[in-house]
Amino acid sequence: MIPAGSLLAAHDLRKAYGPTPALDGASFSVHPGEVVAVMGPSGSGKSTLLHCLAGIITPDSGSITYAGRELSTMSDAERSALRRSEFGFVFQFGQLVPELTCVENVALPMRLNGTRRKAAERIALEWMERLEVDDIGAKRPGEVSGGQGQRVAVARALAASPKVIFADEPTGALDSLNGERVMQLLTDAARSSNVAVVLVTHEARVAAYSDRDVTVRDGRARDLEHAV
Amino acid sequence: MTLLDQKRTPAGPAHPPEPPSRAAAWLRDLGLGIRFAAGGGREGWIRTLLTAVGVGLGVALLLTAASVPHMLDERSARDQARSESKISESPDASAKKSDSTVLRIEASTEYHDRSITGFLMRADGDHPVIPPGIDSFPAPGEMVVSPALKKILDSPGNELLRERLPYEVTGTISDAGLRSPGELWFYVGSDTLTSASGGHRIAGYGKPGPTDPLSPLLIVLTIMVCVVLLAPVAIFIATAVRFGGDRRDRRLAALRLVGTDIRMTRRIAAGEALFGAVLGLVIGLAMFLTGRRFAGLVEIWDVSAFPADLAPDARLCVLIALAVPLTAVLVTLAAMRSVVIEPLGVVRNGRDRGRRLWWRLLLPVAGLAVFGLGGRIDEYSVVNPYPVAGGAVLVLVGLALLLPWLVEACVGRLRGGPVPWQLATRRLQLSSGAASRAVSGVTVAVAGAVALQMLFAAMNDDFNRITGQDPSRAQFYSHSEIVRGDAALHTIKEFRATKGVTQVIGTVEAYATKPGKYTDDEIQPTTSFTVGDCATLRELARITSCRDGDTFVSHPQDKGQAGWVDATARKGKVIEFDTYGRGKPLHWTLPAGSRTVEARTDPYGEEHSGILVTPGAIDARTLPGAETVSQIRIDENVPDAAEYVRNTAARIDPGMRLVTLNSVERDRQYASIQTGLQVGATATLLLIAASMLVSQLEQLRERKRLLSVLVAFGTRRVTLGWSVLWQTAIPVAIGLVVAVAGGLALGATLCWMVSKPVAGWWLFLPLAGAGASLILLVTLLSLPVLWRLMRPDGLRSE
Amino acid sequence: MSIGHTLLGLLESGPRHGYDLKRTFDEKFGHDRPLHYGQVYSTMSRLLKNGLVEVDGVETDGGPERKRYAITDAGITDVATWLTQPEKPEPYLQSTLYTKVVLAMLTGRSAADVLDAQRSEHLRMMRILTDRKRRGDLADQLICDHALFHLEADLRWLELTAARLGQLAKVVAP
């Protein structure tokens, strides 16, 4: 049921919003350090799958295990703590806190985890350097370009040294050159730090940065690598 | 310019439509705005309703304030209508006995800290005059009561009061006979009351003429109360008009895209605001009319009013109806000056400009200058209300203007701190305007209240008369015009037997004069004549030996006055008791063997100098104009001891006056102004809390997606809760500092103006506390919405 | 495009004459390039030799003799293998893919599976190119990007076709 050696695995997830099923028996797994693309047409349930896997929403039925722990039986506080310490997130847009500077945004997850401000901002700057955006640290998100903002978001996801990064259409709002660059930086950084990445995208060229892809169709995830 | 220009435009309309006139354009754009406000879908309606309810609350408060003059007039008119018609200026003048005259005596009492007013009445003939509010004259032993008193008498646990008023209740007093619905009032019919036992004959009701004018100092106070209460309401209305402004700006940007120009967008926005304001007027009127019905049920700090009393002044109504929509439009146009609405979005240019300080400082300084030029006011000067009100308004509004600059300056310097603090300060740095606006109401309210309280404290000496009574020796003082030979003894015995009473002093008192004829320029020597047993007399003077039948001449401690006593109390000579025209004066010889003693201060704070006599020396029943007086001390640990004393007093003589001795006696007018301030300040602070809550919720709703993202990466609710708290707390704290500083300055100036030293520098503390609870209240009320918005639904936007 | 597999697939619905095969082929797949009859004949004899078809009967009603072909079990297996085997991702693939999709429909197999297998193969290829791109120099990147964009276009076509399978089924096999 759960593939051996997987870090995060879901089995037979079902989730409905009102009468419409968003997930209808989806299964999924990702190994440590593995980059898995979740593809599928709009409205197929990709984002719902990601939200379930990350413990942001709870599925109606089915099981999700992270490092041997069952997510669906955890309390909201436990899942929040897990997201703070083990997971990182990159979304399509609107994810940076507009009133904080870029460095403060990157430092935010670490500070939520209890890291002191000075230390958190030092680590934040290191990651921003790695993502080539250390020069805009003092600026606010409203003053930087979309590509820079997205790199800041990637730096933020990586800075708290998570085990899994959930990226929901991370290049959706970027042009192809910026999108490629963000993907390259994200996957390079993730691979070198042995961080697993769950990458929701509908773009093939973005999905090509993954090790493996899973297609969601009508609420069912098909892992083609294993299916054939 | 080019050939292209000369080409005929193909297939255009034959006659381009003429541009509409200015007025028509205004009307069209205002109408468009009104359509947006009314037909903007659910979101649009919510925004319009928020504005309308906000404005409505303000309008309702303004209408209530506009009703106050009428309410006060009605109250004092009813008060006068039930007072006796005076037949002359002399308070003792009685009417001639006739078929319609009535003997009456006031029988007011207190019950559990509430005062109950009442009269014993005895008709002289068959057609007695009756006070307004009752249908017929109460028969002996029957009582007519106010509805509020009836409720107390009927409810269980009030046996002591029923015992004190043991009359049969045969009817209730209607509204016409009461000042306010909560008033405790009664009329009792009597068949034993006589002029000798204190009855006063009256020929009718209704005191003509104006009431006593307020003192100039009270006028200053009243003006300040009005300014302090109404200025925040105006600010609140201005804030309410801007509810939902961000969303409106975005909608206007969309209109710019399809070709409206900047002027048109301004007019459309004005139209929207106008609609909200007019709707607010209607809602405010509805709230006022609905609230008015329940006016009688609400009793805040002893103030209640009949619904009919709450009729706003017509001129003030017109003023409100015109000023509110006008304010709405002007505020909107002013707010839009700092915003440039471009077709592709909204650009705020307020921030790069920065806020300037100098012109903001002008207003409060000008306000203080107005006071300075106005000069000082004393008890007797005629007060011109306009400079006082103008100066106060300038200072208060100036503070409101100073606040945005100060918030920006303070917040701009804040760095670091824990995550919630950082989120809050950064948020305020990015846009402090909305926060400052909401807080400016608090600032004005608190600054005004601080200044007022200082003025109150300074005037305390004038209004709080230190009575010089010594409650540690006696808590009650009673006097009755029923005088019997053993009256004093009887009264003492009755009170001694009362539960909780520890000590009683009882005397019969009258005034003695030196007989003879006096011209108008001469003062007839007079001294007091006190009849009491030896034990009692020892309380009044330093007497070493005493037997029944002894007489004394008591000299005051001030030796200079001793001669005046001796002018009347000549040992072995005759003294006279005046009967005030009721029969022949009584003559009595002061025994030659009377000893001279020195007076002591009695528990009532008075010196009993004059002639002291034991009952064996004179028959007190024969003394004209005498009163039975007693002073009573109770054990405060006995529950309801005071009520037992009052019951005993009512049993001995329903007309007995019983005075509770306090060190401080409060002037009634002063008390009512302070009450008004407390009622108003509470209402104002709640109103401001409402407006802060609305803008807080609006801000949260706009950040729905961001909140979801923060939840996604595991932010605790507590963290965001604290950041919401700080976001309210920081501006409010700055506002309170400004308010306290400004209030102290204004208060000190006002104190200087009325020539009083500043008495209370620390009076702002309770108000600062109220401000702090405001922060808590707003935060607590916004938390449920925050929790709801923190659900992950915000992420589902694909 | 494999004409042999296509003709085999057409035979799955029942035995046909060579001429009949050509006509059906032209109608369904040969829009602008009708099949030459000689090619049908040579293909059939190759299939016959490999044992994928057999001669069902010979008719000679006055004209030249006409063989009727029928598919063998080996032939059916061969078609199935061909359909599930994704094509090597390369430009201008759509005619082969289209043929495969239509054939899958005609023979009652899952057209979606055909498309998914192809998608997966395309992505595998793109992954390899992406990997080469990130290791290589600018020239490598530009060359890889050219291929990647073409493959992406293919993938888009695959997705579009997958979304329109229902519509296509009504046209191809009413």
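Since this is a predicted model, take the numbers as computed values, not measurements. In what follows, chains are A, B, ... by sequence order, proteins preceding strands, each numbered from 1.
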Between A/M183 and chain C, which part of the residue has a heavy atom less than 4.5 Å away: side chain, backbone, both or neither? neither
Looking only at C/L148, C/L129, C/T130, most heavy-atom pairs under 4.5 Å shared with chain A are made by C/T130
Taking the side chain as every heavy atom from C-beta outward, state whether A/M39 and C/R119 have any atom pair closer than 4.5 Å. yes
Nearest heavy atoms of C/L155 and A/A204, plus distance in Å: CD1-CB, 3.2 Å
Between C/D116 and A/R217 (salt bridge meaning N to carboxylate O under 4.0 Å), is one present in this structure? yes
Inspect the contact between A/D213 and C/R127 and indicate whether a charged nitrogen and a carboxylate oxygen are less than 4.0 angstrom apart. yes
Other residues, nucleotides, ligands: >12 heavy atoms within 6.0 Å of [X] [atom1]:
| X | atom1 | answer |
| --- | --- | --- |
| C/Y37 | OH | yes |
| C/Y41 | OH | no |
| A/L177 | CG | no |

In residues 131-139 of chain C, which residues are in contact with chain A at a heavy-atom separation under 4.5 Å? C/K133, C/R134
